[in-house]
Number of protein chains: 2
Amino acid sequence: MKVTIVDIAKKLKVTPSTVSRALADNERVSIKTRELVKRTANEMGYQPNVIASSLRKGTSDTIGMVVPRINRHFFSNVIGGVEEVLNQAGYNLTIIQTSERFDNEVKAIDTLFNSRVAGIIISHSIETNDFEHLQRVSSQMPLVQFDRVNELLDGPKIINDNYKGSYIVTQNLIKKGCRKFIHLTGNDNAHIYKQRKNGFLDAIEEAKVPKLEVTIIDNALTRSSGFDAINDIVGKKEFDALVCAGDYAALGTIECLLKNNISIPSEVCVVGFGDEPFAELMSPSMSTVNQDGEEMGRIAAQSMLECIKDKKLNTTKVVPVKVEWRQSSNKEQF
Amino acid sequence: MKVTIVDIAKKLKVTPSTVSRALADNERVSIKTRELVKRTANEMGYQPNVIASSLRKGTSDTIGMVVPRINRHFFSNVIGGVEEVLNQAGYNLTIIQTSERFDNEVKAIDTLFNSRVAGIIISHSIETNDFEHLQRVSSQMPLVQFDRVNELLDGPKIINDNYKGSYIVTQNLIKKGCRKFIHLTGNDNAHIYKQRKNGFLDAIEEAKVPKLEVTIIDNALTRSSGFDAINDIVGKKEFDALVCAGDYAALGTIECLLKNNISIPSEVCVVGFGDEPFAELMSPSMSTVNQDGEEMGRIAAQSMLECIKDKKLNTTKVVPVKVEWRQSSNKEQF
DNA sequence: ATATAAAATACAAACGTTTGCGCAAAAATA
DNA sequence: TATTTTTGCGCAAACGTTTGTATTTTATAT
């Protein structure tokens, strides 16, 4: 049914090895035969069996990618960037999502490992703080981490400039006159949130402005937990700035503020992180930190390709972020 | 280095075939040996080589999925649904995006075909109106189409109830008093847009209301083309309802209307299609047709699994849609 | 004890490539 | 012409499974 190298060989009365080499443009076969073989292969409708090829070569042309959620704007952008570079280079991409669950992440790694992918690109689930499943992998094949990375694992890491994003946001809010800050975040074992918090705290610290107040609220990253967090304290506690570690939390807080007739930004400034598509479009439009997912994906893929070639690489690349100033923080400056 | 079936066989002084069968829980090997083998495999850290297995079995446990854009909310939801069902069933998913380009689609199909996936789940690029590349495929492996489907190809098709979505929207707008309609759409060779247009036109037709005006604008699906389309006619042409075949177009039109100080919905009602996350959050919030991507994905995956088992299947399943009525069309009824 | 049936395992080929090695013929050099 | 080098290709093994068939072992019946 399906035409193989052997079929071509038979038809041309040469050996499969010659056909194989001819198709691979190997110098050991004459140009004349090479072209003859290619032409015949075409005529016969030959389609290489990459499975067989992978088995023999011991590696495949597939890269595995593990992400927490495929339908998060940021991640799907990263995937887009990775795809772009990898396809260009002749690689395929197998994508698995963990839905933020640790056991799914372990299973995903196992699966990819068993299908002998050429390498793995991963952003960890939020539950993950044990990295043994990857220790084993990183010794056997290239492992590229992005966004949510673990410093202790070998291999390239691509991260957003989380620290700087928060720092600049906070610095500017202080300049605009905000004094009573609340920071909504996830939890510290996730690197990105720790960095965002540190950027926030350092900006407060280094501002050298007296009487700055700071409150940190953990585990407030979703729309509903953002809403609830503010709902709990509104009326009881004074604040004039909400620096959120994520857009969805910021969205929740804005909804809560509006419901309580607190005006944004004149009474309270709100800033998110991530620049989800809705941030620009909602009302008031949300100030937030834009992270270039596609660029991150391209860099991750590039790093992967380098790793496949040179084996060793242990760099950390930082992708710059850009603060989008919009209505939700558009308070007049002093 | 890596432990294989042969290694286990040697250690246990049995043959590879026994080990293979034991691991597969085959009745032809005694329960005692089965357990012994499994235990030893575990101890030795055996990881099955799925590549070898695929080669031998002639098929893999990977399903290929081709989508126009991975970072479109709807598609990433479908992917999520597919993933959920397929992973449960022990299958993997290889995803390729075509970026709406026909040649990319052809290349994607080729790649998946060559990697001997067990089946392909596809939603066509907007450029695609030649389906030869799939004719070949559908005779060799299961092909499931979703959302953007071609009726002439064999295999299951899962579609949204595009017709009904538009029909209900239009019917209701008429009830609310709208009389001068503009329909922004893509082009007719894409089924979904044709269906949406038909739903729109039929609702107009069947309303039996005198003096309904209708204008159709093609190739207006993006934010900017939506904006431009309205910008071109505003002031020159009267209209009180925009029925858009996509949310991004609707967004563009709303932006254009606001810029021209045309009030929504009192002067013009706008309705989109797709229920992108921003639709709910923008201001005015956008009425639109919600399509359940995850459900569609689950159904597509189920159909794929059935196809793999039974070979023949030629059904078309329709996933119901739900109209979300929001501010952009919240005009008082007669 | 022997013949027969059933159970458990062994044997060997196959899946479609790739690749190190070897061999012959052609070309180049002595 | 004899020797070496180059060129072009064939041979055969290997990658790690799976599976149809053959063989041995064990259980059952005669």
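Chain letters run A, B, ... following the sequence lines, proteins first, then strands; residues in each count from 1. Bear in mind that the values here come from a model prediction, so they are computed numbers and not experimental data.
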Ser53(A) has a side chain; which of dT17(D), dT17(C), dG10(D) sits nearest to it? dT17(C)

With each end axis built from five pairs of C1' atoms, what bend angle do you get for the helix from dA1(C)-dT30(D) to dA30(C)-dT1(D)? Round to 10°. 50°

Chi angles and distances behind the side-chain contact (heavy atoms from CB on, under 4.5 Å) call for Val82(B), Ile121(B): CA-CA 9 Å; Val82(B) 169; Ile121(B) 300 178; 4.0 Å; yes

How many whole angstroms separate atom [atom1] of [X] from atom [atom2] of [N]?
X	N	atom1	atom2	answer
Tyr46(A)	dT17(C)	OH	C1'	7 Å
Gln47(A)	dT17(C)	CD	C1'	15 Å
Ile51(B)	dT18(D)	CD1	P	13 Å
Arg56(B)	dA14(C)	CZ	C1'	5 Å
Asp7(A)	dT17(C)	CG	P	9 Å
Leu12(A)	dG10(D)	CG	C1'	15 Å
Lys10(A)	dC11(D)	NZ	P	14 Å
Lys2(B)	dT17(D)	NZ	C1'	15 Å

Classify the side-chain pair Glu100(B)/Ser125(B) by whether it contains a donor and acceptor separated by less than 3.5 Å. no

Reading DNA chain C from 5' onward, which residue's closest nucleotide shows up sooner: Lys13(B) or Arg116(B)? Lys13(B)

Mapping Thr15(B) and Leu55(A) to their closest nucleotides on DNA chain C, which lands nearer the 5' end? Thr15(B)

Can you classify the ring geometry of Phe146(A) versus Phe74(A) as parallel (below 30°), tilted (30 to 60°) or perpendicular (above 60°)? tilted

Does anything in residues 17-30 of chain B come within less than 4.0 Å of DNA chain C? Heavy atoms only, and list the residues if so. Ser17(B), Thr18(B), Arg21(B), Arg28(B), Val29(B), Ser30(B)

Cation-pi check, Lys2(A) to Phe113(B): give yes when NZ or CZ is under 6.0 Å from the six-membered ring centre and within 45° of the ring axis, no otherwise. yes

Counting only N and O atoms by type, is there a donor-acceptor contact under 3.5 Å from the side chain of Arg69(B) to the main-chain atoms of Gln97(B)? no

Interatomic distance, CD1@Ile70(B) vs CD1@Ile95(B), rounded to 0.5 Å, equals 5.0 Å

Sequence neighbours excluded, the answer for side chain to side chain contact (heavy atoms under 4.5 Å, CB included) partners of Val106(A) is Phe102(A), His133(A)

Might you work through the side-chain hydrogen bond (donor to acceptor under 3.5 Å, both in side chains) test for Thr18(B) and Thr15(B), ending with a clear yes or no? CA-CA 5 Å; Thr18(B) 303; Thr15(B) 57; 3.2 Å; yes

Does Val14(A) reach a base, just sugar-phosphate, or nothing at all? Heavy atoms under 4.0 Å. sugar-phosphate

Heavy atoms only, 4.0 Å cut-off, all strands: where does Lys32(A) land among base, sugar-phosphate and nothing? nothing

Do the side-chain N or O atoms of Ser54(B) get closer than 4.0 angstrom to the phosphate oxygens (OP1, OP2) of dC15(C)? no

Could you walk me through whether Glu35(A) and Lys38(A) satisfy the salt bridge (charged side-chain N to carboxylate O under 4.0 Å, His left out) test, starting with their C-alpha distance in whole Å, then the side-chain angles of each, then the deciding distance to 0.1 Å, before giving a yes or no? CA-CA 5 Å; Glu35(A) 279 171 359; Lys38(A) 285 186 209 160; over 6 Å; no

